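Report on the following structure.
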Amino acid sequence: MFDPKHEPRNTNHETPMHYEIRELKDHVGEIVDVRGWLYNRRGSGKILFLQVRDGTGTVQAVMGKNDVSEAEFNIGKGLGNESSVIVTAEVKTEPRSPIGVELHVKKLNVLQDVKDYPIQISEDVPNIDWLLDRRHLWVRSKVPHAILKVRSEVVQAIREFYYQRGFVLYDAPIFTPASCEGVSTLFEVPYFDEKAYLTQSGQLYGETGAMAFGKVVVFGPTFRAEKSKTRRHLTEFWMVEPEVAFLELDGIMDLAEDQVRYVVTRALDKCKEELKILERDTSILERVAERFPRVSYGEMQGVLQKLKADFAASGDEKLVKLSGDILKNGLGDDLGAADETAVGIHYKRPVMIHRYPSEVKAFYMKRDPADPNFVLCVDVIAPEGVGEVIGGGQRADDLKYLEEQVIKHKIPPETIDWYLDLRRFGSVPHGGFGMGVERCVQWITGCEHVRETIPFPRTIYRTKP
RNA sequence: UCCGCGGUAGCUCAAUGGUAGAGCAUUCGACUGUUAAUCGACAGGUUGCUGGUUCGAGUCCAGCCCGCGGAGCCA
């Protein structure tokens, strides 16, 4: 019978069975093949310790001088890091091993003996730019490997969260006719005899899906030609964008909170090993179990004023410095990076800030009936300096209002008319949000740079490798 | 675009204006229980570029190039 857990295998029992390193603990006493790459080598004149990794783990293969032929021993002695090998060995219990077992080599088959592998084994990340130039090799190293495993789990958790709730996966196009939000910079690409633009959000398309399916989720890459040079920005990143018909702001906040809680909890549960390798202090992550504070923009101004005063008087050099930048943008304006950092320090868990002034938000946001100077939007701010991981809200559903907004924001009517059709033919209250996958992974892993959370980061100065 | 920091061996960093240095990695050697092994040895350089001051510049000055961090904008 087909077993989805296992790759097709050699079933010829005259040769040893191949196992992944993570499975070895279940095969003590068997002679097995392990296929992989030499992570590191230690040894003496008469015994060699080969650290072999295969992507599922690392195991130590012990090679005594009398266990193999002299030729094989000498080859093993000279093997360079990242040499590709197939080791035939007996699996033995070993209390000193981190995975509980080690291999006693019977036969060493070298596929390629590598010399001068450029990346050395090191746990610090001294020169990220140098390593990113070698990203195609760096992904083999422990730390990037662990981060990308977490990313994989996060993406899987997101997909399952929405699938379980009956959302339809609804793919938005990458080539788009023009700006979705009108303000941010777009990548322009030639498209036969015309110009097209790479998408900076699938949201407007998501809204069409909400009217067709009720609940949809757009999940794909997004492109922003902003010349940002910070540890939170990429020019190409992945975004998950749910969009739901008949959902109003409180429901949107419930959905965002549930989703963040689900993804973080799942990563904590499934990525214990990886988070240990990353030396991640998970205490703040565990606080996602609590309710996320929901604070309006207006209330937050007061909180920030108090934090500014408290930090300035704290005597803590870092907090005093931060206090100088709090509310730097002034009342009525968007929050700055320092404000988000302060919010994180204060609440120590994700915080939802809702009802921003309409001027600082996009044209399609619905006005708050209680005070039309504000819109029914919500940002989720992650603590520990990561900042905004989610932005979203309730969409304007009134045709006349949207038509005014289109004129006010100087959006070419012919590029947006199809969107206005959604308000002509059965308009309903609806909304959703977008979550940046990389920022979410950045928070979970505690990464300094968002660049480390995607296999091949694209930034203003990097399109290689 | 603006502000700040930086560029010395493959990597991380030293070097009052006076012979260009160390640790790690590489290469070679020693060791039968190492976990980023340890110990010993060899090798490794147009000090980002151009010009200037000086008897003498990695160091001081001017210009340029490149990189990083932050702001703005955003997820």
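Below, each value reflects all heavy atoms present in this structure, side chains not excepted, and no hydrogens, waters or symmetry copies. Chain A is the first sequence line, chain B the second, and so forth, proteins listed ahead of strands; every chain is numbered from 1. Small disclaimer: the values here were computed from a predicted structure and weren't measured.
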Between protein and nucleic acid, restricted to nucleotides 21-24 of chain B and to nitrogen or oxygen atoms under 3.5 Å apart, what atom pairs and distances do you find?
| unit_1 | atom_1 | unit_2 | atom_2 | d |
| --- | --- | --- | --- | --- |
| B:rC24 | O2' | A:Q120 | NE2 | 3.0 |

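Within 4.0 Å of A:K328, counting heavy atoms only, lie sugar-phosphate atoms of the nucleic acid but no base atom. A:G64 comes within 4.0 angstrom of nothing in the nucleic acid, heavy atoms only. Among the protein residues, A:L48 comes within range of no part of the nucleic acid, since none of its heavy atoms lies under 4.0 Å from any strand.
Atom pair A:D339:CG and B:rC73:C1' shows a separation of 15 Å (rounding to whole Å applied). A:I119 places its CD1 atom 18 Å from the P atom of B:rA36, with the value rounded to the nearest Å.
Within residues 96-117 of chain A, the residues approached by RNA chain B to less than 4.0 Å at the level of any non-hydrogen atom are A:R96, A:E102, A:H104, A:K115, A:D116, in residue-number order.
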message: At under 4.0 Å between heavy atoms, how does the protein contact nucleotides 40-47 of chain B? Give one character per nucleotide, 5' to 3', with B, S or -.
response: --------
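The 5' end of RNA chain B is approached more closely, in terms of each residue's nearest nucleotide, by A:S44 than by the other of A:S44 and A:V437.
Judged by the 6.0 Å and 45° rule, A:R261 forms a cation-pi pair with A:F292.
A donor-acceptor contact under 3.5 Å is formed by the side chain of A:S228 with the base of B:rC73.
Taken from CD1 in A:I31 to CG in A:L103, the straight-line distance is 10.0 Å, to the nearest 0.5 Å.
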